[in-house]
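Report on the structure given below.
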Protein chains: 2
Amino acid sequence: MTKQRLEVLSFLANADQPKSAKEIAKILSKKGVDQATVYRILARFKEGCIINQIDFQEDQSYFELKDRGDHHHIICQECKKVEDFKGCNYDNLVNSISKNKTGFAKITGHSFELFGICKSCLK
Amino acid sequence: MTKQRLEVLSFLANADQPKSAKEIAKILSKKGVDQATVYRILARFKEGCIINQIDFQEDQSYFELKDRGDHHHIICQECKKVEDFKGCNYDNLVNSISKNKTGFAKITGHSFELFGICKSCLK
DNA sequence: TTTCTTGCAAATTTTTTGCAACTTA
DNA sequence: TAAGTTGCAAAAAATTTGCAAGAAA
């Protein structure tokens with residue numbers, strides 16, 4: 001565990017929403033962490049299942065700490081505001097789907113995001 | 001409707017799984033379609049809701065025709081094989097979530113993909 | 001000390017842009 | 001013809017790599 005890794009962890013721990021690699025690199029460069037290092041750390045953390053990659057259909061990936069628990073996101077397509085939501089029991093759904101899939105041995109993960117327009121942007 | 005757009009539509013219509021921009025550009029370049037044109041067409045089609053963008057947590061986006069109906073994907077994390085699945089009624093879920101979200105005026109779309117290991121890769 | 005990680009710089013890869021020429025409706 | 005699209009080449013953005021120096025266990 002290095003200083004640079006702790007910086008990435010700390011940044012993500014304090015984030016209230018998923019952060020892009022670019023943004024993490026930009027912020028941490030102020031603390032002397034190189035962008036190549038940030039990309040390498042994110043790749044390792046993802047392999048090690050410490051962080052989740054979140055896709056907002058934007059050609060850019062976002063990351064958040066896995067230990068924030070099972071939840072998903074609603075993102076505003078205008079202003080990109082992100083809200084979390086929980087309490088959906090679709091794990092049952094995943095289970096029933098996984099029982100019916102003959103081609104797959106197991107399901108290890110899933111993504112589930114909603115896209116919409118937030119009230120401020122609706123005007 | 002131009003020749004180039006028809007090429008993109010035709011390519012996606014014949015695809016059995018979502019295709020990346022890079023792959024579309026690569027294949028269509030053999031027919032003289034420029035990569036810049038492919039990216040522009042994909043952007044327009046996405047705006048116009050003719051295609052869907054699918055994210056496989058890979059730093060690369062995939063696209064498929066919207067008219068293939070409501071379905072989602074299971075992707076094998078080893079060999080990247082993709083299988084479709086349908087018949088999950090989680091639109092109810094989306095509706096109930098959307099009723100409870102005070103910050104959002106409406107939900108316009110969603111993503112839902114499963115990740116797993118296919119039987120061939122399990123060995 | 002031994003292994004793994006970092007910074008730096010450069011290279012790749014992916015996506016976007018400007019603009020003149022060309023199509024489409 | 002008028003509006004919008006394309007190809008080309010170049011630029012910009014995003015990510016990855018090689019390698020010597022440095023930090024961690």
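Side-chain atoms are counted along with the backbone in the values below, which use heavy atoms only and exclude waters and symmetry mates. Note that the coordinates shown come from a computational prediction; the quantities given were computed from them, not determined experimentally.
- Atom CG in B:Leu42 sits about 15 Å away from atom P in C:dT14, given to the nearest Å.
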Sugar-phosphate or base contact per nucleotide [nucleotides 13-25 of chain D; S, B, -; heavy atom under 4.0 Å]: -SBBBB------S

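- In this structure, A:Glu7 atom CD and C:dG7 atom C1' are separated by 15 Å, rounded to whole Å.
- Between A:Leu28 atom CG and C:dC8 atom P the separation is 14 Å, expressed in whole Å.
- For the pair B:Lys46 NZ and C:dT15 C1', the computed distance is 13 Å after rounding to whole Å.
- The NZ atom of A:Lys66 sits 10.5 Å away from atom NZ of A:Lys46, with the distance rounded to the nearest 0.5 Å.
- Atom NZ in A:Lys31 sits roughly 16 Å away from atom P in C:dT6 (whole-Å rounding).
- For A:Glu58, the side chain to side chain contact (heavy atoms under 4.5 Å, CB included) partners at least two apart in sequence or on another chain are A:Phe56, A:Gln60, A:Tyr62, A:Ile75, A:Lys80.
- For an aromatic pair to be called close, the ring centres must be under 6.0 Å apart, and A:His72 with A:His110 satisfies this.
- Other residues, nucleotides and ligands place no more than 12 heavy atoms under 6.0 Å from the NZ atom of B:Lys31.
- Residues forming a side chain to side chain contact (heavy atoms under 4.5 Å, CB included) with B:Ala25 (at least two apart in sequence, or on another chain): B:Gln35, B:Val38.
- What separates CZ of B:Arg44 from C1' of C:dT16 is a distance of 13 Å, to the nearest Å.
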side-chain contact (heavy atoms from CB on, under 4.5 Å) between B:Phe104 and A:Glu83, worked out: CA-CA 9 Å; B:Phe104 277 72; A:Glu83 246 183 59; 3.8 Å; yes

